[in-house]
J.: 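There's a structure below that I have some questions on.
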Amino acid sequence: MAAIAKAAASLSFLQALIVPHDLSSFSDTSCLVKHFYGSYPEGLSMRNLYIPDLACLATLPDTLASSSLGPKATIMPSQDHSLVWLYKQDVDADLVMDHPTLNDVLSKLRSAPSYACSGDTTGAQVPLSGSTRCDQPSYEVLSQTQNSTLLSLHVQTARTIDTILPPFWQSSIIPSSPLTRIPVPDNSVAHIKDLLAKLKFNPIIAAIVEDISVPQMRNDIRYLTGEDSTSEIVSRHSLASGSRVAAAWLKERFEDTGATCQLKRFLEGYAPNVVCRYASATNTTSTILLSAHYDSRGSFGSTRAPGGDDDGSGTTSLLAMARAIARNNVTFNTNVELVAFAGEEQGLLGSRAYARELRSVDANLTLMIQADMLAYHKPGEPAQLGLPAYIGTPEVANLVANVSALYSPELTVGITYACCSDHQSFHEQGFAATQVFERAGPIADPMYHNSGDLSERKGYDLEQVKSIAKVQLATLLHAAGFTV
Ligand SMILES: *[C@@H]1O[C@H](CO)[C@@H](O)[C@H](O)[C@H]1NC(C)=O
Ligand SMILES: *[C@@H]1O[C@H](CO)[C@@H](O)[C@H](O)[C@H]1NC(C)=O
Ligand SMILES: *[C@@H]1O[C@H](CO)[C@@H](O)[C@H](O)[C@H]1NC(C)=O
Ligand SMILES: *[C@@H]1O[C@H](CO)[C@@H](O)[C@H](O)[C@H]1NC(C)=O
Ligand SMILES: *[C@@H]1O[C@H](CO)[C@@H](O)[C@H](O)[C@H]1NC(C)=O
Ligand SMILES: [Zn+2]
């Protein structure tokens with residue numbers, strides 16, 4: 001039986017449908033919802049990836065399955081290959097950089113297997129682990145447009161592809177099983193609207209958020225980047241040992257503030273998620289989650305992946321909030337989770353695992369805010385707060401913008417097209433979520449995904465990190481309810 005089923009599976013081709021994200025009539029087509037594999041950037045817009053089984057495909061109207069809805073790709077399911085979406089980030093025009101084309105990137109990738117098989121880890125951000133077959137084809141292009149492509153790669157190459165990409169090219173491993181796409185329910189959105197309607201400046205909240213300490217953030221970020229000489233962290237790449245050091249260090253620091261923390265493993269070989277919790281003072285299931293990702297990426301060929309901005313800054317803001325919560329003896333009327341994710345750089349792997357886990361137990365997660373890249377703005381520009389153009393719950397972004405006007409009026413608030421961070425994992429699972437980002441515009445940090453992403457450099461602004469952390473913490477205090 002099993003052998004026959006396996007043989008049949010290996011013979012069947014699947015059809016990937018890559019369709020515009022906002023084509024809701026298509027997205028809602030019933031059977032497709034169960035064959036959703038995530039949303040991915042394509043230039044300045046988003047695409048949804050569906051891989052329907054043959055039964056589902058047969059029910060789709062011809063117009064939907066037609067190529068007018070985007071490139072189609074034929075997929076051969078395989079145990080030792082992963083699908084990867086490779087895309088170019090939206091980058092500020094002033095950033096003086098080589099802009100490698102997709103073909104440049106693909107030709108670089110052609111040498112990936114020999115790199116992976118040589119066992120030569122000199123200069124790599126991450127040691128390669130496990131046995132690697134060296135006779136595998138490097139990759140297969142399943143679908144391609146100017147600034148994005150869907151590839152099939154050997155699993156080992158997929159795990160480390162980010163270490164050989166140029167900085168503004170990002171890879172995202174496609175989940176091996178479908179994500180059931182769940183819309184954020186109306187009552188969750190109504191709850192957020194209600195919070196906004198009741199929002200009013202509170203001097204106690206202002207005093208607590210003002211207590212966030214920039215000198216302490218400076219110490220924390222220097223430890224995470226390894227700029228602090230007592231830190232043994234060289235790389236926080238998810239597969240590097242430094243990320244384990246960082247996870248243990250974060251757990252201890254959060255626990256010092258009265259939180260209960262767990263290191264939650266989600267995939268073999270990857271550093272764990274650091275999940276910390278303050279239990280509610282009242283008997284409620286309601287939970288609010290603030291997060292960042294502590295893993296990072298460096299330059300090809302370098303051992304260093306300091307991630308001072310991406311996302312040491314968001315991680316430091318979480319820790320700064322925890323320290324302010326403890327110093328001010330805050331207790332919450334809602335459960336609060338502060339989570340530092342790993343595996344973000346390989347495609348939101350840690351957050352997808354955790355969001356799926358919370359959905360599987362029907363967690364009453366009422367609000368989720370991810371902080372990813374908070375520190376950099378172009379020299380001469382004002383301090384800013386960017387909110388996501390595509391991914392997330394617009395009502396949550398509105399709430400955050402209104403909180404910003406009350407508690408961090410120094411921030412210029414706007415929209416960013418820089419895409420994709422861990423809030424997406426929660427939004428996909430039907431939780432109200434948004435992201436906070438450093439610019440009301442595209443990525444402008446010249447050290448993005450670079451081994452020079454340190455905290456002591458021009459444009460790296462801890463005052464801006466504090467301003468954004470004030471917004472995160474004030475939103476939490478308003479939404480959770482608290483006593484001091
Ligand atoms: C691809 O990127 C280039 C350079 O960043 C840009 O000029 C072009 O418009 C993009 N193409 C699409 C289809 O988004
Ligand atoms: C908390 O509330 C639930 C449901 O409202 C109830 O079943 C439970 O007994 C309560 N627990 C405590 C400790 O009051
Ligand atoms: C979830 O929490 C909210 C309070 O934020 C509450 O109104 C709601 O009843 C809770 N839902 C469940 C299913 O417990
Ligand atoms: C917090 O509680 C500690 C111990 O009870 C106390 O010493 C401290 O003054 C309190 N801090 C604030 C800001 O209330
Ligand atoms: C506050 O939220 C409202 C939506 O209720 C929105 O129209 C407005 O622009 C927001 N204010 C700020 C300062 O972002
Ligand atoms: Zn990031």
Side-chain angles (χ1 to χ4, degrees), residues 89 162 167-168 170 172 185 187-201 236-238 280 282-289 291-298 305 307-315 317 332-336 340-351 358 361-367 370-376 385-388 393-409 411-416 418-424 431-432 434-438 440 443 445 447-450 453 471 475 478-481:
Q89 276 283 10
D162 59 299
F168 299 111
Q170 179 98 23
S172 193
N187 63 346
S188 300
V189 173
H191 174 68
I192 301 294
K193 283 185 170 165
D194 188 47
L195 288 172
L196 178 54
K198 289 185 182 140
L199 185 65
K200 199 166 103 232
F201 181 82
R236 296 197 322 278
H237 189 284
S238 285
S280 172
T282 65
N283 182 17
T284 176
T285 56
S286 180
T287 304
I288 296 174
L289 191 156
S291 59
H293 71 88
Y294 74 94
D295 66 310
S296 66
R297 245 181 83 175
D309 189 21
D310 186 9
D311 182 23
S313 60
T315 307
S317 82
F332 295 103
N333 299 334
T334 292
N335 302 291
V336 172
F341 291 113
E344 195 272 352
E345 296 293 358
Q346 290 73 36
L348 318 178
L349 303 181
S351 58
L358 292 185
V361 297
D362 256 320
N364 192 6
L365 183 60
T366 53
L367 174 64
Q370 163 79 351
D372 194 356
M373 298 175 69
L374 304 184
Y376 189 85
L385 166 61
L387 295 164
T393 312
E395 289 79 3
V396 178
N398 260 337
L399 174 65
V400 169
N402 278 267
V403 170
S404 182
L406 291 182
Y407 297 97
S408 291
L411 290 172
T412 300
V413 181
I415 293 293
T416 181
C419 182
C420 301
S421 190
D422 293 313
H423 62 300
Q424 181 176 348
F431 297 118
T434 198
Q435 179 197 353
V436 288
F437 178 69
E438 63 199 6
I443 293 168
D445 186 353
M447 291 299 148
Y448 179 59
H449 290 165
N450 190 298
D453 183 6
V471 177
T475 307
H478 272 286

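Order of listing sets the numbers, starting from 1, for every ligand and every atom in it. Nothing fancy with the numbering, it's 1 onward along the sequence. These numbers come from a predicted model, not from an experiment.
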J.: Where is the tightest heavy-atom contact between V413 and A440, given as atom of each residue plus distance?
T.: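 Closest heavy-atom pair between V413 and A440: C-CB, 4.4 Å.
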J.: Would you tell me whether E395 and H191 have side-chain atoms, one donor and one acceptor, within less than 3.5 Å of each other?
T.: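 No donor-acceptor contact under 3.5 Å links the two side chains.
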J.: Would you confirm whether R236, through its side chain, and Y294, through its main-chain N or O, come within 3.5 Å as a donor-acceptor pair?
T.: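 Yes: the side chain of R236 pairs with the backbone of Y294.
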J.: Counting distance only, does the side-chain N/O of Q89 pair as donor-acceptor with the main-chain N or O of C419 below 3.5 Å?
T.: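 Confirmed, Q89 side chain pairs with C419 backbone.
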J.: So which atom in F431 and which in A363 form the shortest heavy-atom distance, rounded to 0.1 Å?
T.: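 The answer is CE2-O, 3.6 Å.
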J.: For the Zn ion (ligand 6), find the closest N/O/S atom on D310 and give its atom name.
T.: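 In D310, the N, O or S atom with the shortest distance to the Zn ion (ligand 6) is OD1.
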J.: So, N450 side chain and G298 main chain: donor-acceptor pair closer than 3.5 Å or not?
T.: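 Not confirmed, N450 side chain does not pair with G298 backbone.
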J.: Considering non-hydrogen atoms of the protein only, which is the closest contact for atom 9 (O) of ligand 5, and what is the distance?
T.: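 In this structure, atom 9 (O) of ligand 5 has N398 OD1, 4.5 Å as its nearest protein heavy atom.
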J.: Please check if the side chain of D311 supplies one atom and the backbone of H293 the other of a donor-acceptor pair under 3.5 Å.
T.: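 Pair found, side chain donor or acceptor close to backbone of H293.
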J.: Counting from 1, what ligand 3 atoms have a heavy atom of N364 closer than 4.0 Å?
T.: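 Result: 1 (C), 2 (O), 3 (C), 8 (C), 10 (C), 11 (N), 12 (C), 14 (O).
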J.: Tell me, please: is V413 in heavy-atom contact with ligand 5, that is, under 4.0 Å?
T.: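 Outside the 4.0 Å threshold, so no.
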J.: May I ask you to list the atoms of ligand 3 that are less than 4.0 angstrom from any heavy atom of S286?
T.: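 Those qualifying, in numeric order: 2 (O), 4 (C), 5 (O).
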J.: What are the atoms of ligand 3, with element, lying closer than 4.0 Å to any heavy atom of T366?
T.: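 It comes down to these atoms of ligand 3: 5 (O).
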J.: Run the numbers on D372 and Q435 for side chain to side chain donor-acceptor pair (under 3.5 Å), then give the verdict.
T.: CA-CA 7 Å; D372 194 356; Q435 179 197 353; 4.6 Å; no
J.: Which heavy atom of the protein is the closest neighbour of atom 14 (O) of ligand 3, given with residue, atom name and distance?
T.: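 Scanning the protein heavy atoms, the shortest distance from atom 14 (O) of ligand 3 goes to T285 OG1, 3.2 Å.
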J.: Identify, by atom number and element, the atoms of ligand 5 in contact range of A401, meaning under 4.0 Å from any of its heavy atoms.
T.: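 This gives 14 (O) as the contact atoms.
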J.: I'd like to know if atom 7 (O) of ligand 5 has any protein heavy atom within a distance of less than 4.0 Å.
T.: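 Looking at atom 7 (O) of ligand 5, one finds that no protein heavy atom lies closer than 4.0 Å.
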J.: For atom 5 (O) of ligand 5, what is the closest protein heavy atom, and at what distance to 0.1 Å?
T.: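 For atom 5 (O) of ligand 5, the nearest protein heavy atom is L196 CD2, 3.2 Å.
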J.: T284 to ligand 3: N or O pair under 3.5 Å?
T.: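 Not met; the criterion fails.
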J.: So which protein heavy atom does atom 2 (O) of ligand 5 come closest to, and at what separation?
T.: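 Ranked first by proximity to atom 2 (O) of ligand 5 is N402 ND2, 2.4 Å.
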J.: Please indicate, with yes or no, if any protein heavy atom is found under 4.0 Å from atom 11 (N) of ligand 3?
T.: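 Looking at atom 11 (N) of ligand 3, one finds that a protein heavy atom does lie closer than 4.0 Å.
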J.: Under 2.8 Å from the Zn ion (ligand 6), is there an N/O/S atom belonging to E345?
T.: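 Looking at E345, which is the residue asked about, there is no N, O or S atom under 2.8 Å from the Zn ion (ligand 6).
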J.: For A340, is there any backbone N or O sitting under 3.5 Å from a side-chain donor or acceptor partner on S291?
T.: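 No; zero donor-acceptor contacts below 3.5 Å.
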